[in-house]
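Keep in mind that what you see is a predicted model, and the values were worked out from it rather than measured. The basis for the numbers below is simple: all heavy atoms, side chains too, and nothing from hydrogens, waters or symmetry mates.
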Amino acid sequence: MSLYCGITRRRKSFWCCRLLSTYVTKTRYLSELKEDDDACKKAQQTGAFYLFHNLAPLLQKSEHQYLAPQHSLLASLQKPEMETELKGSFIGLRKALFQLNVKDASLLSTAQALLRWHDAHQFCSRSGQPTKKNVAGSKRVCPSNKIIYYPQMTPVVITLVSDGTQCLLARQSSFPEGMYSALAGFCDIGESLEEAVRREVAEEVGLEVERLQYSASQHWPFPNGALMIACHATVKPGQTEIQVNLRELEAAAWFSHDEVATALRKDNPSYQQQNGAFPFWLPPKLAIAHQLIKEWVEKPTCSILPP
């Protein structure tokens, strides 16, 4: 079984104080690596690499977290020999993501999304001919018609709905037992952010959004690389009866400020209660849903701007 190596642009020279004296310098250096094949080849000679096999990064287990080692040289070994030699294992990113430090989680997510995009875009949609990637992997080009393809992310809205005193959380059947999160859904073609939020809330829980406010965004590597756009939303007064769309959700409910605040203070439980149920818990800190929920707990009556 051959090894599939994903290369991040986290070069030793990249972190040099001389090169990174300012954000502008760093950004221009990255842009040069993306577009200049010769510059990228030169950087690879002293670069640091993350290793991937079938989109799974090579990680090392350390107590309660995973470490993502970087390697200066790429060895042409088979997967078992590579794991033995580097004292690690190729582990699915979904399993390990929340046990990585923030910097490694971000870089590995980006690298995996880029590798997945290349794997799925090896042919030109116009000519059907094989496309060719540049050295940095920042684009693919069709040799026959010169069409350039760039990696893309899918926009997804994730929304924490509130009625002023409670917030609405939901779960899908694919969630770990007991975990509830904010509502989320893909944006449709032609929709604005505001329209996507309103539609998703109406579709999934049968509520009409009155006001909304943008919070933050986050790249999310699953399922195929998404841009999570996080918002707070309030529903119209007196219109809080939930009508769950069971094709989209397994369950949805209103939770009080105290219930949510208590859940935020707990670690992710992996145990079952005596009555057979699982305790209520929330997404881990790395997820933008956690940030949305934490913002609401800290300021549940914050001013929500009209759309």
Side-chain angles (χ1 to χ4, degrees), residues 3-6 8 10 15 48-72 79-116 158 160 169 171-182 184 216-223 225-226 228 230 255 258-298:
L3 181 73
Y4 189 24
C5 300
T8 70
R10 186 178 182 178
W15 295 108
F49 299 84
Y50 287 129
L51 303 185
F52 284 79
H53 176 77
N54 288 343
L55 300 180
L58 181 76
L59 302 174
Q60 298 171 344
K61 185 68 174 177
S62 176
E63 297 182 352
H64 301 297
Q65 66 174 346
Y66 286 105
L67 303 177
Q70 301 165 54
H71 308 279
S72 298
K79 176 177 177 284
E81 290 81 6
M82 181 68 75
E83 292 179 319
T84 301
E85 178 73 20
L86 300 177
K87 299 180 175 60
S89 300
F90 290 98
I91 299 171
L93 187 59
R94 186 183 288 272
K95 175 182 177 181
L97 186 64
F98 296 121
Q99 298 180 58
L100 291 163
N101 65 52
V102 174
K103 184 164 60 177
D104 283 335
S106 175
L107 287 169
L108 287 173
S109 295
T110 301
Q112 190 206 61
L114 189 59
L115 290 171
R116 183 187 286 112
I158 180 165
L160 187 66
L169 299 171
R171 58 173 283 106
Q172 299 176 356
S173 58
S174 60
F175 283 9
E177 292 289 350
M179 192 189 87
Y180 280 72
S181 185
S217 63
Q218 177 188 48
H219 169 255
W220 191 245
F222 315 113
M228 306 296 291
F255 291 85
D258 288 344
E259 286 177 309
V260 178
T262 300
L264 277 175
R265 292 193 291 267
K266 295 179 180 177
D267 292 329
N268 299 347
S270 58
Y271 60 88
Q272 202 169 5
Q273 295 176 333
Q274 291 184 347
N275 62 1
F278 285 83
F280 162 57
W281 59 285
L282 300 169
K285 293 180 180 179
L286 187 62
I288 200 167
H290 184 99
Q291 178 180 324
L292 271 176
I293 296 167
K294 186 171 183 288
E295 287 176 347
W296 180 81
V297 165
E298 292 175 348

Test item: Gln112 side-chain N/O and Phe222 main-chain N/O as donor-acceptor pair under 3.5 Å: no
Euclidean distance, Leu108 CG relative to Leu58 CG, rounded to 0.5 Å: 10.0 Å
Shortest non-hydrogen pair, Leu286 vs Leu97, comes out as CD2-O, 3.6 Å
Rounded to the nearest 0.5 angstrom, the CG-OG1 distance for Leu115 and Thr110 is 11.0 Å
Do any N or O atoms from the side chain of His290 and from the backbone of Pro283 form a donor-acceptor pair under 3.5 angstrom? yes
Distance-minimising heavy-atom pair for Ala287 and Phe98: N-CE2, 4.0 Å
Are the side chain of Gln70 and the backbone N or O of Ala48 linked by a donor-acceptor pair below 3.5 Å? no
For Phe255 and Phe280, take the angle between the two ring planes, folded into 0 to 90°, and tell me which bin it lands in: parallel under 30, tilted 30 to 60, perpendicular over 60. parallel
Would you find a donor on one side and an acceptor on the other, under 3.5 Å apart, between the side chain of Ser106 and the backbone of Val102? no
Are Leu169 and Leu160 packed together at the side-chain level, in the sense that at least one heavy-atom pair is separated by less than 4.5 angstrom? yes
Under 3.5 Å, is there a donor-acceptor pair between the side chain of Trp220 and the main chain of Ser109? no
So, for Phe90 and Ala56, which heavy atoms are closest and what is the spacing to 0.1 Å? CD2-O, 3.2 Å
Distance in Å, Gln60 CD paired with Lys87 NZ, rounded so as to fall on 0.5 Å steps: 8.5 Å
Dump the intermediate steps for side-chain contact (heavy atoms from CB on, under 4.5 Å) on Thr262 and Arg265, then the final yes or no. CA-CA 5 Å; Thr262 300; Arg265 292 193 291 267; 3.4 Å; yes
Distance check, rounded to the nearest 0.5 Å: Leu282 atom CG versus Leu292 atom CG? 11.5 Å
Could you tell me if Tyr50 and Asp104 have a donor-acceptor pair between their side chains, going purely by distance under 3.5 Å? yes
Could you pull out the closest heavy-atom pair between Ala230 and Ile288, with the gap in Å? CB-CD1, 3.7 Å
In chain order, what residues pass the side-chain hydrogen bond (donor to acceptor under 3.5 Å, both in side chains) check against Glu81, with sequence neighbours excluded? none
Whether Gln99 side chain and Lys61 backbone form a donor-acceptor pair below 3.5 Å: no
Interatomic distance, Met82 atom CE to Lys79 atom NZ [nearest 0.5 angstrom]: 11.5 Å
Could you give the distance from CG (Leu100) to OH (Tyr66), rounded to the nearest 0.5 Å? 9.0 Å
List the atom of His219, the atom of Ala113, and the distance in Å for their closest heavy-atom pair. NE2-CB, 3.7 Å
